[in-house]
Amino acid sequence: MPTTTTRPRTTSSTDAIVLLKNDHREIKKLFADFQKAGDGAEKTKQRLVDKMIELLTVHTYIENEVMYPRVRELLPDLEDDILESYEEHHVADVLVMELANMKASDERFTAKATVLIENVTHHIDEEEEEWFPQVRDGLGRKALVEIGREMLAARKKAPRRPSQPSALKKTIDAVIA
Ligand SMILES: [Fe+2]
Ligand SMILES: [Fe+2]
């Protein structure tokens, strides 16, 4: 391998699937930390849930805004997977909105966070195992890098809290689109 190359190094990091999988890894780490936290670790659990809410709000936004519509348009065979994924996002959005209004000391906080973790873990696994591989085969690297660039741009204006209007609008759009 030559040591110099004219290709920008960002090429690989803007691959849409690589970007989304990096997010997934970060989100799953928070889930694992939450599950390891003891029953009474309210401060830790609150901090972890606050971070989950932020990462999930941004991640869902860039998928709803860029990845899902692009895939739906370019690979019509994946329509059913995309529609199911929008519904799974909606369930997660509802749980996230409810959790954002709770405190770690609330009786149902840990239960609700656990249901969120179970739902999102299932959703991430379906993305990574069932339809992302078909997207990679169907679109190829060039299109994925292009979509990745669009997602990086969308990330800059993404809401970080579910109460922000653009996050709420996306939740509603996902349901009635
Ligand atoms: Fe998703
Ligand atoms: Fe995802």
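Keep in mind that the numbers below use all heavy atoms, side chains included, and drop hydrogens, waters and symmetry copies. Just follow the structure's listing: the first ligand is 1, and inside any ligand the first atom is 1.
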Please confirm if an N, O or S atom belonging to [X], backbone or side chain, lies less than 2.8 Å from the Fe ion (ligand 1).
{"X": "Y68", "answer": "yes"}
{"X": "E63", "answer": "yes"}
{"X": "H59", "answer": "no"}

Might you work through the side-chain contact (heavy atoms from CB on, under 4.5 Å) test for E127 and H24, ending with a clear yes or no? CA-CA 10 Å; E127 287 186 333; H24 291 170; 2.9 Å; yes

Do we see a donor-acceptor contact under 3.5 Å between the side chains of N22 and E26?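 E26 and N22 do not have a side-chain donor-acceptor pair below 3.5 Å.
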
Nearest-0.5 Å distance, OG1 of residue T110 to CZ of residue F34: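 The distance works out to 4.5 Å.
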
Any N, O or S atom of D23 closer than 2.8 Å to the Fe ion (ligand 2): no

For the Fe ion (ligand 2), find the closest N/O/S atom belonging to E127 and write down its atom name. OE1

Determine which of the N, O or S atoms in H123 is closest to the Fe ion (ligand 1) and give its atom name.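 In H123, the N, O or S atom with the shortest distance to the Fe ion (ligand 1) is NE2.
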
What are the two closest non-hydrogen atoms of A113 and L99, and how far apart are they? CA-CD1, 3.9 Å

Honestly, is K21 close enough over F132, meaning NZ or CZ under 6.0 Å from the six-membered ring centre and within 45° of the axis? no

